[in-house]
There are 2 protein chains.
Amino acid sequence: MASIVARAWELARSEGIGGITLRALARQVGMRQPSLYEYFDSKNALYDAMFADGNRQLLERLDGLDLPEDPRQAVKLFMRTLAEFVLEDGARHQLLFQRPIPGFEPSPASFAHAEEFLARGVDLLHAAGVRDPGDVDCVVAVVAGLVDAQASNDPGGDRWTHHLDRLIDLHIDHAQQRSTP
Amino acid sequence: MASIVARAWELARSEGIGGITLRALARQVGMRQPSLYEYFDSKNALYDAMFADGNRQLLERLDGLDLPEDPRQAVKLFMRTLAEFVLEDGARHQLLFQRPIPGFEPSPASFAHAEEFLARGVDLLHAAGVRDPGDVDCVVAVVAGLVDAQASNDPGGDRWTHHLDRLIDLHIDHAQQRSTP
DNA sequence: GTCTATAACGAGATAGAC
DNA sequence: GTCTATCTCGTTATAGAC
């Protein structure tokens, strides 16, 4: 079951997340297509398992970090790690952070993992003095903007992501100034 | 022909850009599906016509502006207009600024319109003192980040876009400081 | 130019034997 | 659990009459 999901990720990397077919997946795992229905009730159930798995991978990655004491440096490492994770695998990026499959919505259980990740980021930003929810939104949007631009236009490069640390500093400074005038 | 494209946009708004089928489009225009092949050689040719049309709409919208003398205010108006344009129509946003249709790439002729738009934005940023290409990338990514977040999570609202002016100021100031140390 | 008819394909899902 | 066989549906695209 876990190995089927792993094969599905391989397939997604080569064919695109929307290019997965149950026939192709079955071939990858050495089965016939109908046998997959023993493991997933539907194709969307497969996507849901992948969504949960991808988020689990991300949380694992973040668990492996030892975050600096300095909250601002912690935010930077967190965001750089996120960027690296996302740029490793375009299909995973799409499934976790965009809505690439019409008709697919993650189940509440799978979505909880995604919220857990977001909550960790927000906590770090709080510790770094970014308390206003609007300022949190801005930092999140800026990081997403850089990472998306990198992924769409030059995955593998760093034309956009090399600005990450500097912009995070800029926005944290700005947020702190606004909250203590 | 122009009216077929207009109907295609209606369809895209209700069914999603990827949810267009030639049958449904034919029904909308009061034809049978094969008759559409008189106007478009393939489905991707339809998408290409829509891509060109969407960019034409955007350029038209920008032509209608009278931009303030102050270059910084001009940038803000330009970006606000872009945001408004994008948030009006999620399907158009997808087709013009994302890669929602596997296998579809705009033709060079259509793509030229998109580059024209980008060039206008970059010119304005130059006039506002954002000359370093890296700084241009940052402003573009920030605006895209805010607009995408708005479109994905709350189209119709302004939770993210109401930060546009402030962040543009922040980034222009920052770029100017960096270029004249 | 528009039509009817249909080809050619591929997808997800199900029935039922083993 | 895995298989073979098949259903059902929808799609783009083409042939050829009018």
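Residue numbering restarts at 1 for every chain, and letters A, B, ... go by the order of the sequence lines.
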K.L.:
Consider the side chain of B:Pro34, meaning its heavy atoms from C-beta on, and name the nucleotide among C:dT14, C:dT4, D:dT12 that approaches it most closely.
P.N.:
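The nucleotide sitting nearest to the side chain is C:dT4.
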K.L.:
Can you tell me the distance, in whole Å, between the OH atom of A:Tyr37 and the P atom of D:dT2?
P.N.:
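In whole Å, D:dT2 P lies 16 Å from A:Tyr37 OH.
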K.L.:
Of the nucleotides D:dA13, C:dC3, C:dA13, which has the atom closest to the B:Ser42 side chain?
P.N.:
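From the listed options, D:dA13 comes nearest.
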K.L.:
Given that B:Arg32 and A:Asp41 both sit by DNA chain C, which one's nearest nucleotide is further toward the 5' end?
P.N.:
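Nearer the 5' end of the strand: B:Arg32.
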K.L.:
Examine the side chains of B:His163 and B:Asp158 and answer whether a donor and an acceptor come within less than 3.5 Å of each other.
P.N.:
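No, no side-chain donor-acceptor pair sits under 3.5 Å.
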K.L.:
Using whole Å, report how far NZ of B:Lys43 lies from C1' of D:dA13.
P.N.:
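After rounding, the gap between these two atoms is 12 Å.
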K.L.:
Rounded to the nearest angstrom, tell me the gap between atom CD1 in B:Ile20 and atom P in D:dA13.
P.N.:
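Roughly 14 Å, once rounded to whole Å.
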K.L.:
Contact class for B:Thr21 (heavy atom, under 4.0 Å): base, sugar-phosphate, or nothing?
P.N.:
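B:Thr21: backbone/sugar contact only, no base atoms under 4.0 Å.
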K.L.:
I want to check one thing: is the phosphate of D:dT2, taken as OP1 and OP2, less than 4.0 Å away from some side-chain N or O of A:Tyr39?
P.N.:
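Yes, A:Tyr39 has a side-chain N/O under 4.0 Å of OP1/OP2 on D:dT2.
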K.L.:
Check this for me: does any side-chain nitrogen of one of A:Asp48 and A:Lys43 sit under 4.0 Å from a carboxylate oxygen of the other?
P.N.:
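A salt bridge is absent here (no side-chain N lies under 4.0 Å from a carboxylate O).
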K.L.:
Return yes if some donor-acceptor pair links the side-chain N/O of B:Gln150 with the main-chain N/O of B:Asp154 below 3.5 Å, else return no.
P.N.:
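Side chain of B:Gln150 to backbone of B:Asp154, a donor-acceptor pair under 3.5 Å: yes, one is there.
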K.L.:
Mind calculating the distance between CD1 (A:Ile4) and P (D:dG1) to the nearest angstrom?
P.N.:
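Going from A:Ile4 (CD1) to D:dG1 (P), I get 11 Å.
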K.L.:
From CD of B:Gln33 over to C1' of D:dA13, roughly how many Å is that when rounded to an integer?
P.N.:
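My rounded result for the distance is 7 Å.
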K.L.:
Would you mind checking if A:Arg178 and A:Asp173 are paired as a salt bridge, meaning a charged N to carboxylate O distance below 4.0 Å?
P.N.:
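Salt bridge flag = no for A:Arg178 with A:Asp173.
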K.L.:
Could you tell me the separation between the CG atom of B:Leu36 and the P atom of D:dT11, rounded to a whole number of Å?
P.N.:
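Distance, rounded to whole Å: 13 Å.
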K.L.:
Give the rounded distance in Å between these two atoms: CZ of A:Phe104 and C1' of C:dG12.
P.N.:
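Interatomic distance, CZ of A:Phe104 to C1' of C:dG12: 16 Å.
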K.L.:
Going by atom types alone, do B:Trp160 and B:Asp148 pair a side-chain donor with an acceptor below 3.5 Å?
P.N.:
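There is no such pair between these side chains.
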K.L.:
Is there a side-chain polar atom (N or O) of B:Ser35 under 4.0 Å from OP1 or OP2 of C:dC3?
P.N.:
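Answer yes for this pair, as a side-chain N or O of B:Ser35 is under 4.0 Å from OP1 or OP2.
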K.L.:
Just the rounded figure in Å: distance from C1' of D:dT14 to CG of B:Leu22.
P.N.:
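Roughly 13 Å, once rounded to whole Å.
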K.L.:
State whether the distance check finds a donor on one side and an acceptor on the other, under 3.5 Å, for side chain A:Arg23 versus base C:dG12.
P.N.:
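Checked by distance alone, the answer is yes.
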K.L.:
Of the listed nucleotides (C:dT2, D:dT11, C:dA5), which one gets closest to any side-chain atom of B:Glu38?
P.N.:
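So the nucleotide nearest the side chain must be C:dT2.
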